[in-house]
There are 2 protein chains.
Amino acid sequence: MRTSPTELVNAVFDIAATRGLDAASIREVANAAGVSIGAVQHHFGTKDDLYTFAFEQLVERVRSRVARIDPADPLNERLVIALSQLLPLDGQREHEARVMLSFAARAATSEALASIQRRTLTELRDELTDQLSADGIDMPDVRATLLLAAVDGLTLDAVSSGMYTTAELSAALRTQIRLVLGNA
Amino acid sequence: MRTSPTELVNAVFDIAATRGLDAASIREVANAAGVSIGAVQHHFGTKDDLYTFAFEQLVERVRSRVARIDPADPLNERLVIALSQLLPLDGQREHEARVMLSFAARAATSEALASIQRRTLTELRDELTDQLSADGIDMPDVRATLLLAAVDGLTLDAVSSGMYTTAELSAALRTQIRLVLGNA
């Protein structure tokens with residue numbers, strides 16, 4: 001039976017979100033996608049190839065949503081909309097956040113994944129820095145680093161503990177943006 | 001050969017920091033500690049028992065350092081000292097941060113680990129809230145959530161990408177504390 005790389009990547013994401021990335025072996029991905037191991041290997045020679053491609057796809061999905069923001073909106077609103085894409089505020093983003101966390105943890109011991117993570121974080125931070133800078137905000141680079149860290153940390157804390165409601169996460173993000181923009 | 005739970009836990013940490021938590025099977029932990037599989041099972045019946053105990057030990061180590069802070073220091077300094085314990089600013093903390101990230105990622109799909117994470121984050125957040133509150137800071141709970149999120153996010157971003165120097169992490173932490181204390 002034929003299969004597409006996208007179907008296989010979705011199988012990786014579903015397994016990673018529910019059982020952790022390490023459960024996403026070639027065999028389990030083949031099972032979940034309803035294809036043979038050979039069909040997976042037709043697209044991806046090794047598990048590392050599959051993971052690298054899957055992580056790229058995941059980053060691309062999140063970034064395409066962030067890119068749709070209207071540059072005419074005030075800075076504060078643009079930041080809320082963009083950074084909300086990275087928080088587990090609904091089923092889809094909760095699923096993505098779980099997958100993202102499993103890949104980030106794996107990146108700590110995989111240079112191929114770390115390099116994707118480095119490029120992604122650098123691009124996001126540079127875009128945030130540009131936006132802060134265009135509004136004349138002082139020390140835009142450190143503030144951009146802290147916006148990104150707060151969102152990633154809220155997501156990590158929420159997904160690993162289940163202790164935050166979506167209302168609490170939204171309120172915390174808005175407060176962080178307010179503090180970073182210098183309105184304490 | 002006899003072994004102690006602490007030696008086994010240290011073996012789990014070393015494997016988790018270098019190869020990821022999933023590489024820390026009972027067999028690999030026994031190998032790393034130089035004992036038989038039976039010697040590990042004498043202390044821990046299952047891998048989940050071992051992981052739960054190890055995560056508790058890890059949290060305890062970090063918290064014991066945080067607890068040594070002098071309450072006579074100014075709030076700003078107390079926060080820098082306490083939260084610096086959670087950042088990968090030297091070899092020991094880098095090692096701990098890698099282990100912590102691997103357990104946090106696993107907690108996303110393990111209720112036993114999520115419950116330890118929830119208790120730990122709640123205790124840390126409550127302590128931070130009390131300290132902010134005692135200094136008359138407005139909205140101490142959200143600000144405490146954001147201090148914790150920034151540190152956890154900086155650690156996640158640093159360990160998963162290798163893109164931040166320790167000087168950048170320290171400077172970012174100090175800026176976050178300054179912003180949260182309302183001196184923007």
Side-chain angles (χ1 to χ4, degrees), chain A residues 16-23 97-98 101-111 113-122 125 138-139 141-143 145-146 148-164 168-169 171-176 179-184, chain B residues 16-23 97-98 101-111 113-122 125 138-139 141-143 145-146 148-164 168-169 171-176 179-184:
Chain A
T18 51
R19 293 190 281 146
L21 186 55
D22 308 281
R98 288 173 167 273
L101 175 57
S102 69
F103 275 95
R106 176 64 72 112
T109 58
S110 156
E111 181 44 36
L113 297 181
S115 123
I116 299 171
Q117 178 79 340
R118 196 154 51 237
R119 198 192 63 225
T120 306
L121 291 176
T122 302
R125 192 177 57 156
D138 184 39
M139 302 197 312
D141 49 348
V142 182
R143 290 177 199 261
T145 296
L146 290 172
L148 208 50
V151 169
D152 285 347
L154 284 171
T155 298
L156 168 65
D157 293 350
V159 166
S160 65
S161 78
M163 72 188 262
Y164 292 129
E168 285 171 326
L169 292 174
L173 172 60
R174 286 179 179 273
T175 302
Q176 176 72 9
L179 293 171
V180 161
L181 294 183
N183 316 309
Chain B
T18 52
R19 292 191 283 145
L21 187 54
D22 308 280
R98 288 173 167 274
L101 175 57
S102 68
F103 275 95
R106 176 64 73 113
T109 58
S110 155
E111 179 45 35
L113 297 181
S115 126
I116 298 170
Q117 179 79 340
R118 198 152 52 235
R119 197 189 65 225
T120 306
L121 292 176
T122 302
R125 192 178 57 156
D138 184 38
M139 303 196 313
D141 48 349
V142 181
R143 291 177 199 262
T145 296
L146 289 171
L148 208 49
V151 169
D152 285 347
L154 284 171
T155 299
L156 168 64
D157 294 349
V159 166
S160 64
S161 77
M163 72 189 260
Y164 292 129
E168 284 171 325
L169 292 174
L173 172 61
R174 286 179 179 273
T175 302
Q176 176 72 6
L179 293 170
V180 161
L181 293 183
N183 316 307

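A note on names: the letters A, B, ... follow the listed sequences, proteins ahead of strands, and every chain is numbered from 1. Note that the structure is a prediction, hence the values are computed from the model and not measured.
Heavy atoms of Val142(B) lying under 4.5 Å from chain A belong exclusively to its side chain. Looking at Phe103(B), neither its backbone nor its side chain comes within 4.5 Å of chain A, counting heavy atoms on both sides. Using a 4.5 Å cut-off between heavy atoms, Thr122(B) contacts chain A through both its backbone and its side chain. In this structure, the portion of Ala17(B) lying under 4.5 Å from any heavy atom of chain A is its backbone and not its side chain. With a threshold of 4.5 angstrom between heavy atoms, Thr18(A) approaches chain B through N, CA, C or O but not through any side-chain atom. Proximity to chain A (any heavy atom under 4.5 Å) is restricted, for Arg98(B), to the side chain, taken from C-beta onward.
Contact between Thr145(B) and Ala172(A) at its shortest, heavy atoms only, is CG2-CB, 4.4 Å. Taking each heavy atom of Thr109(A) and Gly20(B) in turn, the nearest pair found is CG2-N, 3.7 Å. Ala104(A) approaches Leu101(B) most closely through the heavy-atom pair O-CD2, 4.1 Å.
Formation of a donor-acceptor pair under 3.5 Å by the Arg118(B) side chain with backbone atoms of Gly162(A) is not found in this model.
Of all the listed residues (Leu121(A), Thr175(A), Leu21(A), Val159(A)), the one sharing the greatest number of non-hydrogen pairs under 4.5 Å with chain B is Leu121(A). Each of Ala23(B), Ala171(B), Ala114(B) has some count of heavy-atom pairs under 4.5 Å with chain A, and the biggest count is that of Ala114(B). Contact tally against chain A (heavy-atom pairs below 4.5 Å) for Gln117(B), Glu111(B), Glu168(B), Met139(B): the top residue is Gln117(B). Interface summary for chain A: among Ser110(B), Ala107(B), Ala108(B), the most heavy-atom pairs under 4.5 angstrom belong to Ala108(B).
The side-chain heavy atoms of Gln176(A) and Arg143(B), taken from C-beta on, include no pair separated by under 4.5 Å.
The neighbour count for Arg174(A) CZ, taken as heavy atoms of other residues, nucleotides or ligands under 6.0 Å away, does not exceed 12.
Note that CG of Asp22(A) and OG of Ser102(B) are 10.0 Å apart. Values are rounded to the nearest 0.5 Å.
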Take Met163(B) and Arg125(A), measure what side-chain contact (heavy atoms from CB on, under 4.5 Å) needs, and give me the verdict at the end. CA-CA 11 Å; Met163(B) 72 189 260; Arg125(A) 192 177 57 156; 3.8 Å; yes
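The contact list for residues 149-156 of chain B toward chain A, using heavy atoms and a distance under 4.5 Å, reads Ala149(B), Ala150(B), Asp152(B), Gly153(B), Leu154(B), Leu156(B) by residue number.
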